[in-house]
Each structure stands twice: as structure tokens, then as C-alpha cells.
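Below is one structure; the comments refer to it alone.
Since the structure is predicted, the reported quantities are computational estimates derived from the model, not experimental observations. Each chain gets a letter, A, B and so on, in the order its sequence line appears, and its residues count up from 1.
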Amino acid sequence: GEDVEQSLFLSVREGDSSVINCTYTDSSSTYLYWYKQEPGAGLQLLTYIFSNMDMKQDQRLTVLLNKKDKHLSLRIADTQTGDSAIYFCAESTYAGNNRKLIWGLGTSLAVNP
Amino acid sequence: DAGVTQSPTHLIKTRGQQVTLRCSPKSGHDTVSWYQQALGQGPQFIFQYYEEEERQRGNFPDRFSGHQFPNYSSELNVNALLLGDSALYLCASSPRDTYGYTFGSGTRLTVV
């Protein structure tokens with residue numbers, strides 16, 4: 001079946017690193033995404049990783065993918081108060097010739113000054 | 001270059017009524033997907049349109065229908081509204097052959 005799981009809450013101090021974890025079930029997933037959602041706003045794509053990659057770094061963001069364990073993580077270095085938001089993990093799955101995104105419930109990140 | 005535009009931003013409807021939500025995709029994108037996000041939940045896939053046809057559908061009843069126009073814009077229609085239809089409705093557009101999804105800011109629907 002299709003399922004994406006995330007821990008619901010994470011609290012860190014400003015300047016520390018944040019690590020948000022995600023597990024997924026569809027081994028045929030091709031791309032895995034991290035989206036950020038601020039209160040009352042839509043979804044902002046932060047980064048994505050192709051399933052044949054182990055790691056991707058983009059400025060303060062590092063994505064690690066363990067395909068064997070179907071585990072994805074997002075590390076935010078030097079976390080700032082502006083990083084407070086809900087972070088969603090999503091996998092891209094195929095149905096016939098079409099693809100869709102399957103989402104986790106989101107991890108609410110609170111950054112304390 | 002405008003991203004994905006959704007209208008209206010907020011809407012209040014009464015149970016049993018019908019609603020139409022609109023989405024204009026990002027320039028260069030020809031595929032539109034709709035998602036429902038209830039409070040405190042992740043988005044749930046409703047359906048996807050490409051070449052003016054519904055290409056796949058999530059686990060939503062027939063009360064949810066849609067349309068895509070020749071200019072790639074799309075509408076989501078919900079009939080016989082229920083209280084449980086209250087949610088943020090998100091539209092995402094993407095180019096057909098790549099994996100870049102761009103989301104709009106959503107339409108907040110409240111059914112009373």
C-alpha cells in the first residue's frame with residue numbers, strides 16, 4: 001500500500017540543527033520531496049531527491065535517503081525562527097502512466113529563540 | 001512569471017450547496033492536480049488532469065468532479081457539500097514529463 005509516515009512535532013533552539021525524518025512504503029517511488037507550509041499558506045517545495053541518490057545538499061538543507069530502509073531525512077543547519085513551519089515529506093508514485101504525490105501528515109517544527 | 005493562481009482564496013458555503021474552485025497553472029505547465037488538506041492533515045490526492053481529461057483519481061466520491069480547459073486552467077466542482085468537505089483545497093501544476101510540482105496558495109472552503 002501507499003503510506004508515508006512522519007513524526008508530528010519537533011522543537012529545537014535557534015542555531016541548532018533540525019532533523020526531520022520520514023518513512024515511506026512504495027519501493028517504486030521515483031522522487032521524494034520535502035515541502036514547507038507556513039500557517040495559512042500553500043506548499044513550498046524545499047528540495048527533492050531522485051531515488052537513485054543517497055544524499056543531496058542545498059545550502060542549509062541536506063537530504064539523506066536510505067532506499068533499503070525506505071527512510072528519508074531532512075536536516076536544516078543553523079535553524080532560524082523563520083524555519084518554524086510544518087514540513088511535509090511526499091513520495092511520487094506511479095499509477096499506470098500517471099504519477100501522483102502521497103503525503104505524510106507533516107512535522108510541525110518549532111524554533112525557540 | 002506568475003506561479004499557480006487559485007481563486008477564490010476563501011469561501012463559505014452551506015451544506016447541500018455546490019462550489020466551483022479555479023486554478024491557473026504556472027506558465028509552461030500542462031498537468032494540474034487537486035488536493036484536499038483537512039486541518040492538521042497532509043494533502044490527499046483528489047484527481048489529476050492532462051489534455052483536458054481526468055487521468056487518475058484518488059479515493060473521493062463522485063460529488064467531486066473537475067474540468068481542464070484548452071489553456072490548461074482547471075476547475076474543481078463539489079456538489080451536495082458536507083460539513084466534512086471543509087478544508088484547504090490545493091492545486092498543483094507540473095510539466096508532463098518532469099517532476100516539478102508547483103502549488104498554489106489554496107482555497108479555504110468552510111461548509112456550515
**Study point:** Minimum-distance pair of heavy atoms, taken over all atoms of B:L81 and B:R63
**Key:** CA-NH1, 4.1 Å

Review point. Is there a side-chain contact between A:S92 and A:Y33, using heavy atoms and a 4.5 Å cut-off?
Key: yes

Review point. Checking side-chain contact (heavy atoms from CB on, under 4.5 Å) for the pair A:L43/B:L90: CA distance, chi angles, key distance, verdict?
Key: CA-CA 8 Å; A:L43 293 155; B:L90 295 162; 3.5 Å; yes

Review point. Within a reach of under 6.0 Å around CG of B:N59, are more than 12 heavy atoms found that belong to other residues, nucleotides or ligands?
Key: no

Review point. Are A:H71 and A:N21 close enough, and set up right, to give a side-chain contact (heavy atoms from CB on, under 4.5 Å), and what steps lead you there?
Key: CA-CA 7 Å; A:H71 181 267; A:N21 295 301; 3.2 Å; yes

Check your understanding: Would you find more than 12 non-hydrogen atoms of other residues, nucleotides or ligands less than 6.0 Å from A:Y87 atom OH?
Key -> yes

Check your understanding: Among residues 31-39 of chain B, which residues come closer than 4.5 Å to chain A, judged by heavy atom distances?
Key -> B:Y35, B:Q37

Point to revise | A:Q6 versus chain B, the contacting section by heavy-atom distance below 4.5 Å | key: neither

